[in-house]
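Below: the structure, in structure tokens.
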Amino acid sequence: MMYSNQFIVVIKNKGKVLREFSDNTVRLPFGSDYSIMLKNKNSLSKALVEVFVDGKDVLDGHSIIVAPNQTTELEGFMRGSIVKNRFRFIEKTNEISKFRGDFMEDGLVEVKYSFEKPEIDWYYLTEDPIPRTSYFFSNDTATKFTSSMSRSNIKCSVDVNESGITVPGAETRQDFKKGIIGTTGPQTSIIINLKGETKVKATSKTISKRVTRPITVKTRIQCPTCGRRWK
């Protein structure tokens, strides 16, 4: 569970919450489907959320509203107002790297969120240098809102990234409805790095080992120094 400023982001696999390590990584086998759980711990304000995987917007130009003290689970790639394919984490092979290139954001799940301002602030306007019109989805009535964002896909000039990438996975059906939200405050980001390998202690050195099953919050972790396992 990644927690920051009253907002939580969790990666799940087959309904189970995956463990985040101290380096903000989540480890799961290549070929696994996963979902992204979003929880708003703010009891007064809605949260406006954008989601990027491998540096790409997976909400098709839209944003998600998470109501106060509520949870939303994003199952996969949004097209319009519908999610049709789950997120699938695969190994980034040499063949894939040669075809699409290697990018610094490969393997990263980035969630950007901002909270709705109190009603007294709704009368103050700011000029957005790069306006972006989005439609938000929840169970409320429909509205339209303009915000701004800027991103760059920077090609990596170093060796092949050890992480995998996310592609469309199993078919699913998740519907969203248009919602309403007021002016929002500053954006905050939570970033999780998906890995298909983990470091293990082998005799006198540490080596990389392929993850064969998801490491959940209930998995007992082994100390790389003494070999003991703890809850």
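Numbers for residues simply follow the sequence, beginning at 1.
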Would you find a donor on one side and an acceptor on the other, under 3.5 Å apart, between the side chain of K46 and the backbone of I180?
yes
Strictly distance-based, threshold 3.5 Å: is any side-chain N or O of Q174 a donor or acceptor partner for the main-chain N or O of E73?
yes
Got [X] and [Y] here, is their nearest side-chain heavy-atom distance under 4.5 Å?
{"X": "M2", "Y": "N24", "answer": "yes"}
{"X": "I64", "Y": "L59", "answer": "yes"}
{"X": "I8", "Y": "K41", "answer": "yes"}
{"X": "T72", "Y": "F176", "answer": "yes"}
{"X": "I90", "Y": "I96", "answer": "yes"}
{"X": "V83", "Y": "F77", "answer": "no"}
{"X": "K92", "Y": "D106", "answer": "yes"}
{"X": "L28", "Y": "F89", "answer": "yes"}

Once side chain to side chain donor-acceptor pair (under 3.5 Å) is applied, do any residues pair with [X], and if so which ones, sequence neighbours excluded?
{"X": "D33", "value": "R88"}
{"X": "E91", "value": "R210"}
{"X": "N42", "value": "Q6"}
{"X": "T71", "value": "none"}

Rounded distance [0.5 Å steps], [atom1] in [X] versus [atom2] in [Y]:
{"X": "I11", "Y": "S35", "atom1": "CD1", "atom2": "OG", "value": "7.5 Å"}
{"X": "D54", "Y": "E105", "atom1": "CG", "atom2": "CD", "value": "8.5 Å"}
{"X": "N85", "Y": "R173", "atom1": "CG", "atom2": "CZ", "value": "12.0 Å"}
{"X": "T93", "Y": "K98", "atom1": "OG1", "atom2": "NZ", "value": "9.5 Å"}
{"X": "D60", "Y": "M78", "atom1": "CG", "atom2": "CE", "value": "8.0 Å"}
{"X": "K112", "Y": "S63", "atom1": "NZ", "atom2": "OG", "value": "11.0 Å"}

Which heavy-atom pair separates [X] from [Y] by the least distance, and what is that distance?
{"X": "G182", "Y": "E116", "result": "N-OE2, 2.7 Å"}
{"X": "I65", "Y": "G179", "result": "CD1-C, 3.8 Å"}
{"X": "G80", "Y": "H62", "result": "O-CD2, 3.1 Å"}
{"X": "I181", "Y": "A47", "result": "CD1-C, 4.3 Å"}

Apply side chain to side chain contact (heavy atoms under 4.5 Å, CB included) to V17 and T216, showing your working.
CA-CA 6 Å; V17 175; T216 69; over 6 Å; no
Using distance only, find each side-chain donor-acceptor pair of residues 165-172 under 3.5 Å and give its atom names and separation, not counting sequence neighbours.
from : atom 1 : to  : atom 2 : distance (Å)
T166 : OG1    : Y34 : OH     : 2.7
T172 : OG1    : E75 : OE1    : 2.7

Should V49 and L108 be regarded as members of a common hydrophobic cluster, given that ILVMFWY residues are connected when their side-chain heavy atoms come within less than 4.5 Å of each other, either directly or indirectly?
no
List for me each residue that meets salt bridge (Lys or Arg N to Asp or Glu O under 4.0 Å) alongside K39, sequence neighbours excluded, and say none if there are none.
none
Taken in chain and number order and not counting sequence neighbours, the residues that satisfy ring-ring contact (aromatic ring centres under 6.0 Å, His included) with Y113 are F7, F115
Sequence neighbours excluded, which residues qualify as side chain to side chain contact (heavy atoms under 4.5 Å, CB included) partners of S114?
L48, T184, Q187
Taking side chain to side chain contact (heavy atoms under 4.5 Å, CB included) as the definition, give me every residue that meets it alongside N69, ordered by chain and number, with sequence neighbours left out.
S43
Go through the steps to decide whether K177 and D175 satisfy the test salt bridge (charged side-chain N to carboxylate O under 4.0 Å, His left out), and finish with yes or no.
CA-CA 7 Å; K177 297 180 180 179; D175 296 290; over 6 Å; no
Applying side chain to side chain donor-acceptor pair (under 3.5 Å), run through S97 and D102 and close with a yes or a no.
CA-CA 6 Å; S97 295; D102 298 314; 2.8 Å; yes
Residue pair L38, V111: steps toward the side chain to side chain contact (heavy atoms under 4.5 Å, CB included) verdict:
CA-CA 9 Å; L38 313 165; V111 175; 4.0 Å; yes
Quick one: do I191 and V109 satisfy side chain to side chain contact (heavy atoms under 4.5 Å, CB included)? Show the steps, please.
CA-CA 6 Å; I191 299 177; V109 174; over 6 Å; no
The test is side chain to side chain contact (heavy atoms under 4.5 Å, CB included); show your working for V26 and N193 and say whether it passes.
CA-CA 6 Å; V26 166; N193 195 353; over 6 Å; no
Any salt bridge between D23 and R27, counting N to O under 4.0 Å?
yes
